[in-house]
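This report refers to the structure that appears directly beneath it.
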Amino acid sequence: MNKISNNILGLTVLALFALTTVPVMGQELEFSGFGGFSGLSQGNTKLSQGNSFGFSILYMHPLNDHWKVGLGGEFGLYKLKQELSNPSGSYSSVDGEGDAFDFRYKMSGYTEDLEGNYFSIPLKVQYESSAFGSSDLRFYASAGIKYQLYSKVKSVQLIESLSTSGYYEQWDVELHNPLSAGFGDYGNQSFDQKFKLDDGLFVLGELGVKYSLGKGQSVYLGVYGDYDLKSSGRGEAMVSYLPESKTPVSVNSVLPLEGDKYKLRMFSLGVKLKYSFGF
């Protein structure tokens, strides 16, 4: 996937060079602001809340009266919230003495807030046609891809009534203590941390109307949607058992981890307002 991402980035740079070196009348510089609902597109994860907003600058290169291609940069911010009621789980593990057992955990509630920003490079194709017989009003539709880079995400986790135990099948016994071994009642816990995110590759779409203000200026109003095409992978168990650590129990993010980076696979739906001028 890294090789594919590098190829896409290289093609984007070549496209930018090609577009900016061919002089064509009717070129536009487009400024936009946008915002709307965002969520996670990975697995069965559901978000109770999520939103994002930002702005972009694109160079639009006309091909004819109806078609144009655009390339530029986009900056955005996002906030996501994951809430789970009574999550629990179990998996096979080995304790500090080398004995196999079934590690079990449960909690009455789990909340994780994710907050960060990103920079992306969108490349799109746009189609326009006259609307209602007006020379000033036009419909437009666009589609394309964008390569997205994230800054570190801030994660705040709140855990209610966490309890763990270890079931040893060979002795048919379930241990609920001691805490030093990772078994027992941990009560309410909170964690505040920052971690790295893997990059994203999105498909994007937009639909709306364009109104000409004259003298090469126009305003756009439309709706947009973005969806991350990259695989989200499999997430870790919500609670990890670490027998060699001073704190043998660790609560994990809802985001899947691969290497040293977490995977934030987002989708967004919202409204976009744009202004452009020709040159």
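Residue Arg265 forms a salt bridge (Lys or Arg N to Asp or Glu O under 4.0 Å) with just one option from Asp228, Asp226, Asp199, and that option is Asp228. Just one of His61, Gln27, Glu128, Gln126 meets the side-chain hydrogen bond (donor to acceptor under 3.5 Å, both in side chains) condition when paired with Lys68; it is Glu128.
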Intermediate values then yes/no, salt bridge (charged side-chain N to carboxylate O under 4.0 Å, His left out), Lys124 and Glu30: CA-CA 13 Å; Lys124 70 177 184 179; Glu30 178 185 285; 3.5 Å; yes
What verdict does the salt bridge (charged side-chain N to carboxylate O under 4.0 Å, His left out) test give for Lys274 and Glu206, after you've listed the backbone C-alpha separation in whole Å, the side-chain angles of each residue and the deciding distance to 0.1 Å? CA-CA 12 Å; Lys274 305 190 292 187; Glu206 193 176 331; 3.0 Å; yes
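For the pair Ile145/Leu204, no side-chain contact is recorded, criterion being any heavy-atom separation below 4.5 Å from C-beta on. Residues Leu77 and Ser52 fail the side-chain proximity criterion, which asks for heavy atoms closer than 4.5 Å. For the pair Val251 and Phe191, the minimum side-chain heavy-atom distance is below 4.5 Å. By the 4.5 Å heavy-atom criterion applied to side chains, Leu264 and Asp198 are not counted as neighbours. Looking at Met266 and Tyr78, their side chains come closer than 4.5 Å, going by heavy atoms from C-beta outward. Leu40 has its side chain within reach of Leu255: a pair of non-hydrogen atoms, C-beta onward, lies under 4.5 Å apart. Side-chain atoms of Lys79 and Lys154, non-hydrogen and from C-beta on, never get closer than 4.5 Å to each other. Using a 4.5 Å cut-off on side-chain heavy atoms (C-beta onward), Glu112 and Ser155 make contact.
Taking all atoms of both residues into account, the shortest heavy-atom contact from Ala237 to Tyr91 is CB-CE2, 3.6 Å.
Remark: the Tyr167 side chain and the Asp172 side chain contain an N/O donor-acceptor pair separated by less than 3.5 Å. Gln148 and Tyr150 are linked by a side-chain donor-acceptor pair at a separation below 3.5 angstrom, with hydrogens and angles left out of the test. Defined by atom type and a distance below 3.5 Å, a donor-acceptor pair is missing between the side-chain atoms of Asn51 and Ser38. Checking Gln157 against Tyr110 by side-chain atom types alone, a donor-acceptor pair falls below 3.5 Å. A donor atom on one side chain and an acceptor atom on the other are not found under 3.5 Å apart for Ser56 and Glu74.
Taking the six-membered ring for Trp and the full ring otherwise, Phe139 and Tyr127 have centroids separated by 6.0 Å or more.
Counting only distance, with no hydrogens or angles, the side chain of Asn177 and the backbone of Leu179 share no donor-acceptor pair below 3.5 Å. Looking at Asp95, its side chain does come within 3.5 Å of a backbone N or O of Glu97 through a donor-acceptor pair. Between the side chain of Ser245 and the backbone N or O of Thr247, at least one donor-acceptor pair lies under 3.5 Å.
Within 6.0 Å of CZ on Phe75 lie more than 12 heavy atoms contributed by other residues, nucleotides or ligands. Remark: Glu174 CD is packed, more than 12 non-hydrogen atoms of other residues, nucleotides or ligands lying under 6.0 Å away. Gln170 CD: more than 12 foreign heavy atoms inside a 6.0 Å radius.
Every residue was checked against the ring pair (Phe, Tyr, Trp, His ring centres under 6.0 Å) condition with Tyr118, not counting sequence neighbours, and none meets it. Qualifying ring pair (Phe, Tyr, Trp, His ring centres under 6.0 Å) partners for Tyr262, counting only residues two or more places apart in sequence or in other chains: Phe195.
Listed by chain and number, the hydrophobic cluster partners of Val156 come to none, as no ILVMFWY side chain reaches under 4.5 Å of it.
Relative to the six-membered ring of Tyr140, Lys210 misses at least one condition, a distance below 6.0 Å or an angle of at most 45° to the axis.
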